[in-house]
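Working notes, beginning with the structure itself.
Note that the coordinates shown come from a computational prediction; the quantities given were computed from them, not determined experimentally. Keep in mind that the numbers below use all heavy atoms, side chains included, and drop hydrogens, waters and symmetry copies. Numbers restart at 1 for each chain; the letters A, B, ... are given by sequence-line order, proteins then strands.
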There are 4 protein chains.
Amino acid sequence: MSRSASRSANGTPAARPGRPRSAAVDRAVVEAVLRQLEEGVGIGELSIERTAREAGVGKAAVYRRWAGKEELLLDVLRSLDDDTAPVLQGACVRDDLVALLEHLRRRGLAGRSSAVLRTVIAQVRAHPRLWREYHETVVAARRRAFAEVLRRGVATGEVRPGVDVGLLTDLFTGPMLARAVLHDWQELPEGLAETIVDTVLEGVRPRVRPR
Amino acid sequence: MSRSASRSANGTPAARPGRPRSAAVDRAVVEAVLRQLEEGVGIGELSIERTAREAGVGKAAVYRRWAGKEELLLDVLRSLDDDTAPVLQGACVRDDLVALLEHLRRRGLAGRSSAVLRTVIAQVRAHPRLWREYHETVVAARRRAFAEVLRRGVATGEVRPGVDVGLLTDLFTGPMLARAVLHDWQELPEGLAETIVDTVLEGVRPRVRPR
Amino acid sequence: MSRSASRSANGTPAARPGRPRSAAVDRAVVEAVLRQLEEGVGIGELSIERTAREAGVGKAAVYRRWAGKEELLLDVLRSLDDDTAPVLQGACVRDDLVALLEHLRRRGLAGRSSAVLRTVIAQVRAHPRLWREYHETVVAARRRAFAEVLRRGVATGEVRPGVDVGLLTDLFTGPMLARAVLHDWQELPEGLAETIVDTVLEGVRPRVRPR
Amino acid sequence: MSRSASRSANGTPAARPGRPRSAAVDRAVVEAVLRQLEEGVGIGELSIERTAREAGVGKAAVYRRWAGKEELLLDVLRSLDDDTAPVLQGACVRDDLVALLEHLRRRGLAGRSSAVLRTVIAQVRAHPRLWREYHETVVAARRRAFAEVLRRGVATGEVRPGVDVGLLTDLFTGPMLARAVLHDWQELPEGLAETIVDTVLEGVRPRVRPR
DNA sequence: TCGTAATCGAGACGGTACGTCGTGTCTTGAG
DNA sequence: CTCAAGACACGACGTACCGTCTCGATTACGA
């Protein structure tokens with residue numbers, strides 16, 4: 001997150017001496033970044049200098065909070081990522097998988113996010129350190145959710161055992177992610193989650209019609 | 001590729017006036033970029049200035065060939081991508097899919113490429129214009145190959161009809177790409193291609209044992 | 001002079017926001033130029049780039065102060081020209097003329113100035129805009145001083161009336177300047193001022209010996 | 001002059017093998033320089049590159065003839081300096097001095113020369129080596145002519161003895177040169193030569209009226 | 001009527017400097 | 001201690017010339 005403005009152990013902000021940091025500055029900076037991104041400024045042209053100028057804020061105030069352009073972007077990314085984990089019914093594994101995937105799809109095109117989110121992800125991808133951090137936070141959490149459901153599926157007999165759970169996760173998420181992040185042609189269509197889940201579950205061999 | 005050194009219609013290089021461009025310069029520059037990339041220089045720090053210096057080449061000589069950092073990178077990327085399309089047997093759709101996927105896997109970790117290729121891809125991803133170009137060249141070609149095989153599979157009855165071919169392609173390539181490009185944890189293990197193809201073909205429902 | 005660091009009307013430096021410019025930078029740059037000049041670097045080879053490097057200063061810091069090489073040189077020139085106007089006795093016109101000319105001669109060979117000053121003048125001469133500025137500041141002041149003394153001479157009867165004062169000025173200063181600036185053979189010898197003044201005053205016709 | 005295209009001892013051009021140099025190139029280049037100068041291009045902006053381009057000539061062809069920008073300028077300067085030495089009557093020293101000075105004045109403002117000549121002189125002044133060369137050729141010749149006349153004047157009793165001839169020369173030429181080269185305000189007015197000569201001869205003391 | 005050889009135009013070559021911009025740090029005075 | 005403002009050293013940007021070099025083509029001469 002932002003650079004730690006030192007906090008005491010229990011989490012309550014230590015009453016530090018001097019003028020407290022203005023929350024308005026934080027907001028102004030993040031807003032300025034988003035505004036530029038939406039105006040199509042392109043991350044190459046994004047600079048702390050310009051951002052501070054547009055936010056009506058001193059450069060020092062920015063550097064006091066973030067160590068550099070990437071850290072700032074990471075925070076912007078997280079601000080877009082209101083991670084309200086999806087509610088799972090728990091009844092049917094297939095439905096839970098659809099719910100997870102639908103959640104992923106939604107975040108890939110929701111309102112403001114849309115282009116911006118995908119852009120920022122693409123950028124953060126280019127910075128190993130940040131990517132790792134983002135990965136560990138967001139991606140790993142998602143994978144854990146899938147893995148859990150899939151393991152339950154194996155237990156209930158809804159999913160064939162003997163396949164690595166990690167691979168299974170990629171089997172479901174990979175197609176969606178490839179579409180969203182790698183080729184960002186079009187918006188991800190409604191019903192995509194269901195189609196993927198069902199197709200992976202059933203396979204693409206011709207159905208054996210029971211007589 | 002490089003900036004056009006205008007050619008006559010028939011393809012033979014038009015005898016242009018003046019001293020011809022030195023191929024040694026092209027080589028030196030591309031090598032310098034690769035060297036830096038291998039030293040972990042990170043695309044952000046890559047600069048034409050530094051590259052020219054390390055290549056022992058004038059900046060002008062670089063700008064004569066490439067319009068900017070991105071164009072140069074694109075060329076470097078392509079130089080890594082000796083796209084010797086995989087040979088397909090054509091006998092069995094399943095085997096052809098494995099061959100295609102294996103080819104993809106190999107290029108994701110072969111020799112020099114390895115880290116560099118993945119880094120560059122991650123970086124290029126952040127530059128929409130370059131990404132589009134790379135996508136149209138490399139990614140689209142790969143998708144076409146998959147689509148062709150899959151259509152054959154539908155025709156021969158090896159693949160269930162009624163599923164969008166584009167989606168099918170993502171079902172096979174997505175998991176591999178997600179592993180290679182999105183989470184670049186480990187090397188892609190041997191046998192991954194086969195596992196993916198078979199799992200997607202068969203589905204993950206428990207097998208219905210015919211009596 | 002330097003680029004205006006805007007001042008309030010009354011002349012006291014307006015308390016501008018932000019970090020004030022470091023006087024050390026000004027000094028370092030001017031010193032660096034002088035050092036190079038003394039090492040015989042020749043004005044053609046003088047470059048802002050090199051100067052900034054040698055002064056241990058960023059290029060931007062230089063451009064913040066001077067609009068270009070010429071402006072900088074002009075400042076250097078002025079720094080050599082500590083115009084402590086000569087003290088005039090006011091008693092005898094002839095002596096005042098000698099004092100003025102002697103002052104001019106001195107500045108034409110004094111210590112450090114010597115070669116450097118003459119070089120810089122020769123250089124600045126080649127830049128119309130700068131020359132005009134230098135001329136208006138330094139040369140015009142000098143001419144005014146001469147004109148004043150000469151007018152007094154006409155009034156007191158020490159100088160024949162009917163000769164244009166501007167021309168008279170050139171009659172006295174021209175020979176000295178021609179020696180110093182046009183042919184810079186040797187140093188200007190002691191006693192040159194007196195010789196010139198007396199010769200111009202008396203003329204070069206053979207003396208009419210009163211009986 | 002131009003770089004020596006080696007000549008045999010007797011002065012006739014040695015018949016060298018290979019294609020002879022085209023006189024048209026020499027002309028085109030000098031013309032191009034003059035054209036630019038007249039268009040007010042300013043010597044700073046003059047570049048061999050641009051000149052060759054405007055002359056429709058290869059850079060190499062220029063460098064084959066002149067060692068650099070300054071040498072070229074020197075040649076241009078000389079081409080302006082049609083040194084038809086003035087014809088001297090030889091009867092009266094005063095008239096000869098006027099003739100010499102009038103010649104100097106004329107060359108300082110004649111037709112095409114005018115601005116261009118003075119500009120080029122000012123520029124050449126800034127290059128010690130070239131200046132020396134120009135000085136030795138043009139200036140020294142002029143001084144010799146003055147010195148000769150003045151020595152004759154001393155012999156005939158028209159000029160007071162005991163004054164250094166070199167200084168005397170500067171007494172006459174200095175004022176004119178100062179006006180032309182140092183302050184190039186206005187054109188040098190008609191009659192200036194006579195005024196200077198007479199004033200220096202007679203001095204500026206009030207005339208002693210013999211009874 | 002041939003080479004031979006220096007010329008021509010064009011333009012690439014490794015350099016250096018240009019003047020601008022962005023980096024991250026530092027330094028003001030004010031709050 | 002924070003704030004906006006802005007100076008600081010640094011280094012990259014893309015362009016222009018520098019003076020040298022390599023091209024293919026042209027133009028003279030002597031063999």
Side-chain angles (χ1 to χ4, degrees), chain A residues 5 16-22 24-25 44-53 55-69, chain B residues 5 15-22 24-25 28 44-53 55-65 67-69, chain C residues 5 15-22 24-25 44-53 55-65 67-69, chain D residues 5 15-22 24-25 45-53 55-65 67-69:
Chain A
R16 291 183 304 136
R19 176 173 172 177
R21 289 198 186 156
S22 159
V25 170
E45 290 106 307
L46 264 185
S47 71
I48 300 252
E49 190 106 20
R50 171 197 298 265
T51 299
R53 210 185 307 133
V57 144
K59 281 203 299 178
V62 179
Y63 281 108
R64 218 171 278 131
R65 276 152 237 259
W66 296 278
K69 177 157 61 167
Chain B
R16 290 185 308 133
R19 177 174 174 175
R21 295 202 182 146
S22 160
V25 170
E45 291 103 310
L46 265 185
S47 72
I48 301 237
E49 190 109 17
R50 172 198 295 264
T51 298
R53 208 186 310 131
V57 143
K59 278 204 295 177
V62 178
Y63 281 110
R64 220 171 274 131
R65 277 150 236 261
K69 178 160 59 168
Chain C
R16 291 184 307 132
R19 178 175 173 176
R21 295 203 182 146
S22 160
V25 170
E45 292 102 309
L46 266 185
S47 70
I48 301 235
E49 189 109 16
R50 171 198 295 267
T51 299
R53 208 186 309 132
V57 144
K59 280 204 295 178
V62 178
Y63 281 109
R64 218 172 277 129
R65 277 150 236 261
K69 177 160 59 168
Chain D
R16 291 183 308 133
R19 177 175 174 175
R21 291 196 185 154
S22 160
V25 170
E45 291 107 307
L46 264 185
S47 72
I48 300 252
E49 192 108 16
R50 171 199 295 266
T51 298
R53 210 184 307 131
V57 143
K59 280 204 301 177
V62 178
Y63 279 109
R64 221 171 277 129
R65 277 150 236 259
K69 178 159 62 167

Checklist entry - Where does DNA chain F form stems of at least three consecutive Watson-Crick or G-U wobble pairs, each pair having both distances below 3.5 Å? => result E:1-31 with F:1-31

Checklist entry - Which pair of non-hydrogen atoms, one from C:Ala52 and one from C:Val62, has the smallest distance, and what is that distance? => result CB-CG2, 4.1 Å

Close N or O pairs between protein and nucleotides 9-13 of chain E (under 3.5 Å):
| unit_1 | atom_1 | unit_2 | atom_2 | d |
| --- | --- | --- | --- | --- |
| E:dG9 | OP1 | D:Gly56 | O | 3.3 |
| E:dG9 | OP2 | D:Gly58 | N | 2.8 |
| E:dA12 | O4' | B:Arg19 | O | 3.2 |
| E:dA12 | N3 | B:Arg19 | NH1 | 3.4 |
| E:dC13 | OP1 | B:Ser22 | N | 3.1 |
| E:dC13 | OP1 | B:Arg65 | NH2 | 2.2 |
| E:dC13 | OP2 | B:Arg64 | NH1 | 2.4 |
| E:dC13 | OP2 | B:Arg65 | NH2 | 2.6 |

Next on the checklist: Could you work out, with side-chain hydrogen bond (donor to acceptor under 3.5 Å, both in side chains) as the rule, every residue matching D:Lys69, not counting sequence neighbours?
Outcome noted: none

Item to check | Spacing of NZ belonging to B:Lys59 relative to OG belonging to B:Ser47, to within rounding of 0.5 Å | outcome: 9.0 Å

Checklist entry - For A:Ala60, which residues count as a side-chain contact (heavy atoms from CB on, under 4.5 Å) partner, sequence neighbours excluded? => result A:Arg64

Checklist outcome for this item: Under a 4.0 Å heavy-atom cutoff, the residues of residues 46-53 of chain A touching DNA chain E are A:Ser47, A:Ile48, A:Glu49, A:Arg53

Checklist entry - Rounded to whole angstroms, how far apart are CD on C:Glu45 and P on E:dT16? => result 14 Å

Item to check | Test item: B:Arg65 side-chain N/O and B:Ala61 main-chain N/O as donor-acceptor pair under 3.5 Å | outcome: yes

